[in-house]
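Below is one structure, written out as structure tokens, with a few remarks after it.
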There are 2 protein chains.
Amino acid sequence: MNIVEIAKLAGVSKSTVSRYLNDGYVSEDASTKIKEVIEKTGFVPKRQAQIMRTQKTNLIGVIVPKISTETAARVVEGVTKELSKYGYEVLIGNCELSIEKEMDYLKVFRSYQVDGIIFMATEITPKHYELMDQLNVPIVVLAQRVENYPCIIHDDYHASRDAVRFLLEKGHESIGFIGVGEYDVAVGVERKRGYKDELMAQGIAIDENLIQIGDFSQQSGYRLAKELMELKRRPTAIFAVTDHLAIGCMEYLKEAGYKIPEDISVMGLGDTQIAGLVTPKLTTIHYYFQTLGVRGAKLLVDYIQQGKSSTKNCESNFIFTYRLIERDSV
Amino acid sequence: MNIVEIAKLAGVSKSTVSRYLNDGYVSEDASTKIKEVIEKTGFVPKRQAQIMRTQKTNLIGVIVPKISTETAARVVEGVTKELSKYGYEVLIGNCELSIEKEMDYLKVFRSYQVDGIIFMATEITPKHYELMDQLNVPIVVLAQRVENYPCIIHDDYHASRDAVRFLLEKGHESIGFIGVGEYDVAVGVERKRGYKDELMAQGIAIDENLIQIGDFSQQSGYRLAKELMELKRRPTAIFAVTDHLAIGCMEYLKEAGYKIPEDISVMGLGDTQIAGLVTPKLTTIHYYFQTLGVRGAKLLVDYIQQGKSSTKNCESNFIFTYRLIERDSV
DNA sequence: TTGTAGGCGTTATCAG
DNA sequence: CTGATAACGCCTACAA
């Protein structure tokens, strides 16, 4: 069923049907006739053909590291919600933590001629840059700072400093750190930098033994907490760079018979759902992931509406604020 | 940049380029020449034009009630993972719990001529059926039983019975029930039916006071637990139809000074991430959401490969099993 | 092995 | 206000 058949049935030309569907610059007679036929047949114009003609897909590609991750899901929630306001559809690229897949989706999205791309990144390699540069479509990067492209991120450095300062103010001087590898700049580099800088700013020497690095898993938090507590000079508080790590950390501590926060304090970062559900409730820093998604989507839409064919060198980097949530683990 | 320009630069006809891109039935001379040009220009054939010609979009529409929900995210993880194996791209329809939006996406997906639809449903209305019937595309429904269409669901009825039986076997005879409205058949109807049937099967009379119905929120669990505990004839165990409700329930119980499971037992259903993280760890029933997504995707792909233009009356309903996870709350 | 020509379903331009 | 006609970029007979 296509526009020509509708035209035939309604006894008009296909241009008239097309006009009816778009500007509506059609006589009443023709209108009612066409309307009738369309309703009877359940005709819907094909987007592919429209796209072919107009070169506007109304498609946005969204790349996420892993959709079943709470943070990614929240970001996507925000992105889709905002985008649907503007009539965009979302092509989702779930990368299952594979960098190859990120590249693949970048390419696939190009072939689908998406109007724009939201890229929730973890690690950005030179190859990413190369691809992004030849993409010719507005791109907004989320949750990771990136050179030459607009990005929206949380202020990891200051969030981390604030967390440490909070612990310091509570009287802790020996603060263990559970982090992740530096390939992830936001989580691995910035949050560690915040930790160190805050300690130094308060005149406390960095004890490298207190700095433990693992991966993102809960087990990692568990294991590193053990390391920390088996040190001769044990910390009185532990700051983990994600809630997940903090939960793993608490799991070990509870098993080992420590009372939280009496014997040792624990602090996380991110304020995922579980933070308010564990016992004791985790003191952490709230990150506005959904809002991040909303803002990222809005920014992308702005670029598209400005007719930009690339956002390279559009260095409008937004840094999101955060909020310290005091619960029961410190 | 299109196939004609490439042809011109390579000194061949556009059909040769097209062949190079597809079957590859091209002389070596031409091949190397074309390859060179494509690499230099970074040309990528446009999907829209291909689709136009081939009428195959390689697009699958996925409708979810709310993507930031852990269950939905897990299902989508499975769906996207499986679909990407077969080279499909995913258009995501995040409905933010609005039935209108479900309809909208059904329509949008039709206009994009998706090759198939995965529909993670909550409530299915006659209007849904009407739309689905005229869609002319394979549809697989997930997590909700639906007439006339293939669907994959968890065995809510038996899961619920098993949960109750477990409680019974632990010596509880007065079991409170926290449920949700019947508009959601899987969660609202089936799980309640399981509860009642198991009690009756064991010769225990149904006490309607022990059956409390609310919404899906944690607060609902909290509030209904309160109702239950203020009853004259208090239950010694509570079965909540979702983990979330169970968590809310536990929250109230702990606040009110009850010891779990000494004073009262709590059981959930779903085994979301938090279940293993709360204190005490929640005894619940594990649901395989990601696998459900995988299987749903596979089934859809099968239908597509069979060339079905509709899955109406393809009543291949799969019922997924589940697993009772015994933790510390019973 | 290659090129020519036609068409997929729209929208946009331009006369009428 | 309406209709004919030419694209959009690709694939695919068919002929050479």
Side-chain angles (χ1 to χ4, degrees), chain A residues 1-35 37-38 41-59 87 89 107-115 136-137 309, chain B residues 1-35 37-38 41-59 87 89 107-115 136-137 309:
Chain A
M1 185 61 55
N2 62 30
I3 213 176
V4 177
E5 292 190 54
I6 301 297
K8 215 173 286 172
L9 289 173
V12 296
S13 78
K14 61 174 177 176
S15 336
T16 305
V17 178
S18 175
R19 269 191 295 267
Y20 170 85
L21 259 16
N22 298 296
D23 23 35
Y25 209 52
V26 176
S27 71
E28 233 174 90
D29 254 25
S31 267
T32 48
K33 199 81 188 150
I34 296 171
K35 190 177 174 190
V37 176
I38 288 184
T41 56
F43 166 74
V44 181
K46 307 211 171 14
R47 286 289 298 132
Q48 313 300 343
Q50 296 178 313
I51 290 168
M52 190 87 185
R53 195 47 235 255
T54 61
Q55 302 292 29
K56 179 114 177 30
T57 58
N58 261 41
L59 241 30
E89 303 310 323
K107 287 180 203 156
V108 167
F109 289 167
R110 173 172 50 172
S111 77
Y112 273 95
Q113 290 168 277
V114 296
D115 290 339
N136 239 33
V137 128
S309 73
Chain B
M1 184 62 57
N2 63 28
I3 212 176
V4 178
E5 291 190 55
I6 301 296
K8 214 174 285 173
L9 289 173
V12 297
S13 78
K14 60 174 178 173
S15 1
T16 306
V17 178
S18 175
R19 271 191 292 266
Y20 171 85
L21 259 17
N22 298 296
D23 23 36
Y25 208 52
V26 177
S27 72
E28 233 176 89
D29 253 27
S31 266
T32 49
K33 199 81 188 152
I34 295 171
K35 189 176 175 192
V37 177
I38 288 184
T41 56
F43 166 74
V44 181
K46 306 205 174 18
R47 287 292 296 132
Q48 314 300 343
Q50 295 178 314
I51 290 168
M52 191 87 187
R53 202 37 241 264
T54 60
Q55 301 292 29
K56 180 114 176 34
T57 59
N58 262 41
L59 242 29
E89 304 310 323
K107 288 181 203 155
V108 167
F109 290 167
R110 173 171 50 172
S111 75
Y112 273 94
Q113 289 169 277
V114 296
D115 290 339
N136 238 34
V137 129
S309 73

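Values below: every heavy atom of this structure, side chains too, minus hydrogens, waters and symmetry copies. The chains referred to below are lettered A, B, ... by the order of the sequence lines, with proteins before strands, and numbering in each begins at 1.
- Surrounding NZ of A:Lys56 are more than 12 heavy atoms belonging to other residues, nucleotides or ligands, all under 6.0 Å away.
- Nearest nucleotide to the side chain of A:Arg19, out of C:dT13, C:dA5, D:dA6: C:dT13.
- Here C:dA12 presents its P atom at 10 Å from CD of A:Gln50, a figure rounded to the nearest Å.
- Relative to the side chain of A:Ser13, the nucleotides D:dC10, D:dC1, D:dG3 differ in distance, and D:dG3 lies closest.
- Regarding A:Asn22, its CG atom lies at a distance of 15 Å from the C1' atom of D:dT2, rounded to whole Å.
- Checking D:dT2, D:dT5, D:dG9 against every side-chain atom of B:Asn2, the shortest atom distance belongs to D:dG9.
- Minimum atom distance to the side chain of A:Lys46 is reached by C:dG9, of the listed D:dT2, D:dG9, C:dG9.
- Looking at the side chain of B:Ser27, the nearest of the listed nucleotides C:dT1, D:dT2, D:dG9 is C:dT1.
- As rounded to whole Å, 10 Å separates atom P of D:dC1 from atom CD of A:Glu28.
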Criterion side-chain contact (heavy atoms from CB on, under 4.5 Å) on A:Val12 and A:Tyr20, from CA distance to verdict: CA-CA 11 Å; A:Val12 296; A:Tyr20 170 85; over 6 Å; no
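- Remark: P of D:dT12 and NZ of B:Lys14 are 13 Å apart, rounded to the nearest angstrom.
- In the set D:dC8, C:dT2, D:dC1, the nucleotide with an atom closest to the side chain of B:Thr16 is C:dT2.
- Minimum atom distance to the side chain of A:Val26 is reached by D:dT2, of the listed D:dT2, C:dT10, D:dC10.
- For the pair B:Arg47/B:Asn58, a side-chain contact is recorded, criterion being any heavy-atom separation below 4.5 Å from C-beta on.
- Nearest nucleotide to the side chain of A:Ser15, out of D:dC10, D:dA4, C:dG9: D:dA4.
- Partner B:Phe109 forms a side chain to side chain contact (heavy atoms under 4.5 Å, CB included) with one of B:Asp115, B:Thr57, B:Val114 and no other, that one being B:Val114.
- A straight line from OH of B:Tyr20 to P of D:dC10 spans 15 Å, rounded to a whole angstrom.
- Counting to the nearest Å, the C1' atom of C:dC8 and the CE atom of B:Met52 are 4 Å from each other.
- In this structure, A:Gln55 reaches the D:dG9 phosphate: one of its side-chain N or O atoms is under 4.0 Å from OP1 or OP2.
- Counting distance only, with no hydrogens placed and no angle test, the side-chain atoms of B:Lys8 and the base atoms of C:dG3 include no donor-acceptor pair under 3.5 Å.
- Distance A:Ile6 CD1 to C:dT11 C1': 16 Å, rounded to the nearest Å.
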Test side chain to side chain donor-acceptor pair (under 3.5 Å) applied to B:Thr16 and B:Ser13, step by step: CA-CA 5 Å; B:Thr16 306; B:Ser13 78; 3.3 Å; yes
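- Atoms CG (A:Asp29) and C1' (D:dT2) sit 13 Å apart, rounded to a whole Å.
- Of the residues near DNA chain C, A:Gln48 and B:Val12, the one whose nearest nucleotide (by heavy atom distance) lies more toward the 5' end is B:Val12.
- Relative to the side chain of A:Arg53, the nucleotides D:dA6, D:dT2, C:dT1 differ in distance, and D:dA6 lies closest.
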